[in-house]
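Scope of the values below: all heavy atoms of this structure, side chains included, with no hydrogens, waters or symmetry mates. These numbers come from a predicted model, not from an experiment. Just so it is clear: chains get the letters A, B, ... in the order the sequence lines come, proteins before strands, and each one is counted from 1.
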Protein chains: 2
Amino acid sequence: MGNRGPTLEDVAREAGVSRATVSRVVNGVRNVAPEIQEAVRAAVARTGYAPNQAARSLVTRRTGAVALVLSATGGSFTARLFSDPFFGRVVDGVLPVLRERAVQPVLLVAESEPARLQLVDYLRRGGADGAVVVPLDEEDPLPGMLVAAGLPTVLFGRPRPGVRCGWVDLDNAAGARLAAEHLWASGRRRPATIAAPVSAPTARERLDGFTAALAALGAGPVPVERGRFTEESGRDAMARLLDRHPDIDAVFAANDLMARGACRHLAERGVAVPGSVAVVGFDDSVAARDSAPPLTTVRQPVEEMAAAMTGLLLEQLDAGAPGTGAKVFAPVLVVRESA
Amino acid sequence: MGNRGPTLEDVAREAGVSRATVSRVVNGVRNVAPEIQEAVRAAVARTGYAPNQAARSLVTRRTGAVALVLSATGGSFTARLFSDPFFGRVVDGVLPVLRERAVQPVLLVAESEPARLQLVDYLRRGGADGAVVVPLDEEDPLPGMLVAAGLPTVLFGRPRPGVRCGWVDLDNAAGARLAAEHLWASGRRRPATIAAPVSAPTARERLDGFTAALAALGAGPVPVERGRFTEESGRDAMARLLDRHPDIDAVFAANDLMARGACRHLAERGVAVPGSVAVVGFDDSVAARDSAPPLTTVRQPVEEMAAAMTGLLLEQLDAGAPGTGAKVFAPVLVVRESA
DNA sequence: ATGTTTCGGGAGAGCGCTCTCCCATGTGTC
DNA sequence: GACACATGGGAGAGCGCTCTCCCGAAACAT
């Protein structure tokens, strides 16, 4: 706006000192006599001075803001964004870390391709010093775009191959092991699994982790069917599983939605859950709690991961260059009624 | 970051023209020969130039960004923020308007008092050109702070007295009238209402609108009990209502939560809804759809209001000064099962 | 052929700030 | 008393951009 407020010059005149001195007082004070500091502070208050961030950024090359980017390639994004508590948990993890460092958190949503371009442009121009990115789809091009633009970036989840940036992720294999051990401990000896497309690294880890853990426990070969992370595909996979292996007594699905689909199919077939077949999901999404029965599932420590992600970004900013630091987190088993 | 990319100067050298010409091409082109434009564009592409927003803002006094501020004074804010679809609807209304004008939307959350101060500071320094604010509490001090800082501001909901800024709001009286007429039309002749604290202007409008509409229809005096917008208080108010006026056949609550509380109490007392007593809520929040039975309620055209709010802000920005334009919207009755 | 307008493009002055010099004082040492 | 040496604070050079001038050349009118 044209609201040209008072400038350093004005405050300096008011306080009877030089511009440089006011600047020293306003920022980290270095070698300024206490009485002068007082005079300057008084002048600042009197004039209602607020530093011009543009001018400051021009010389410091810093904005003092960090972007929290929520990106998705699918449609009706905001509806999902503001109904899945997952994002709230991310925000809850990110905010305190930023606040503590007096860095302004700025939420950016990229709900479409044009939005994504505009967003990258904004950040390239210097809209924020770095970005903490939560991509909702594995194929989201945004992380790659940001990294290519030279922006310090940290992802929630592993980056696609070729994209060099920081990230945090869940130890998916460990999560699958938790599920396997829980099922085994509760006496299930013929478990199967509903995996997801091989293209998703996350899904492969969960599958491999599950079979490896069961092998270690002494189980035989584990029947596997693939879904596409949707409830419908989980339902279909369950049907195939049951047709081919009528004796299975447990199912581990690579996400909650598919687990829910599996439950639905089991209910349709009149198979008791967890009586005859136990079901374990993954993610602890809303779907898990709302299912019938409520799903036993593997939960990510989202707040912790988000906080760590933010920490990694701040490290990059302190270092003055994009980095590739990463952290892997341990999952937690949430036992509800389905297993 | 220290990523000092190419500057106008570099591009100018590359293209064999002056800084000014490159600037002309990069921004709205004015009087530049087509072949030179082409040369400049090629140079931009070759160098990977991105304008430095700080430098640009320093002279234009514009950032090209608008803040969408979500503010609340209560605790556990983000949990609420990311589970109530209301905010998703606001965002859905705001984004398209901003995108169309190539203005970068920036979401800011103010979940605590320190956060609020930091946010105002950020905006005063020139973090964005203006703010579209969604205060969740009537007593939220943030709008006042922003207006006092001279920032172009538009509120969702009427500002508190003394705060001069733009706003959009729902015609609450009209909404209450919709409820009254619906109840009357369905044969209810002894309606009561659960109002909210007199301090909330919104609530007063709903109460007055309801009683006025009923008076116009020829109804007798309307029993009134007050709640505090919570489910529990709605339940208690319903209990008092029923104790004092056992013959009532309809209840209009000033929000969905209280309506739900009322339903719960009616169920506890074994009173059929809507059989014996019809219940109408207000807001069409999640609570309305999830209630048993699903609530008939008065809905705000949130997306439309958010879009209008954004339009008002852009008008202020075009005018170059904060303004006080406002718009009032007509509510919509959503008939479900409770009335 | 000269004067007048139009149009394209360059020069250069800032925007408000930070930060590196550098100078003017004090303070300590022999 | 002469020297070194902290220490506080001012001067001024940019940071990268926009935008107002201004000038040269081409197009038109006289």
Legend entry - Distance-only donor-acceptor check, side chains Asp10(B) and Thr47(B), under 3.5 Å: no
Legend entry - First of Ser18(B) and Ala54(A) reached from the 5' end of DNA chain C, by closest nucleotide: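 Per heavy-atom nearest nucleotide, the more 5' residue is Ser18(B).
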Inset, instruction - On DNA chain C, check which nucleotide each of Ala55(A) and Thr21(B) is closest to and give me the residue with the more 5' one. - result: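 Nearest nucleotide further toward 5': that of Thr21(B).
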Let me know the distance between [atom1] of [X] and [atom2] of [N], rounded to the nearest Å.
X	N	atom1	atom2	answer
Gln53(A)	dC15(C)	CD	C1'	15 Å
Ile36(B)	dG10(C)	CD1	P	6 Å
Arg124(A)	dG16(D)	CZ	P	15 Å
Glu9(B)	dT18(D)	CD	C1'	14 Å
Tyr49(A)	dG16(C)	OH	C1'	7 Å
Gln37(B)	dC7(C)	CD	P	15 Å

Return no unless some side-chain N or O of [X] is found under 4.0 Å from OP1 or OP2 of [N].
X	N	result
Ser23(B)	dT18(D)	yes
Asn52(A)	dC15(C)	no
Arg62(B)	dT18(D)	no
Arg61(A)	dT18(C)	no

Legend entry - Base dG9(C) to side chain Arg19(B), donor-acceptor N/O within 3.5 Å cut-off: no
Inset, instruction - Give a yes or no on this: more than 12 heavy atoms of other residues, nucleotides or ligands lie within 6.0 Å of atom CD of Glu100(A). - result: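 Atom CD in Glu100(A) is not crowded, with 12 or fewer foreign heavy atoms closer than 6.0 Å.
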Per [X] side chain, nearest of listed nucleotides [options]:
X	options	result
Arg24(B)	dT20(D), dG10(D), dG16(C)	dT20(D)
Val17(A)	dC15(D), dG12(C), dG10(D)	dG10(D)
Leu58(A)	dG16(C), dC17(D), dC19(D)	dG16(C)

Inset, instruction - Tell me what Ala33(A) touches on the nucleic acid: a base, only sugar-phosphate, or nothing, going by heavy atoms under 4.0 Å. - result: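 Counting heavy atoms under 4.0 Å across all strands, the contact made by Ala33(A) is with sugar-phosphate only.
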Inset, instruction - Write down the atom of Pro301(A), the atom of Leu170(A), and the distance for their closest heavy-atom approach. - result: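 Smallest heavy-atom distance, with atoms named: CD-CD1, 3.7 Å.
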Legend entry - Cationic N near anionic O, under 4.0 Å, Glu304(A) to Lys327(A):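 No salt bridge links Glu304(A) with Lys327(A).
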Legend entry - Asp121(B)/Arg116(B) ion pair, N-O < 4.0 Å: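 A salt bridge is absent here (no side-chain N lies under 4.0 Å from a carboxylate O).
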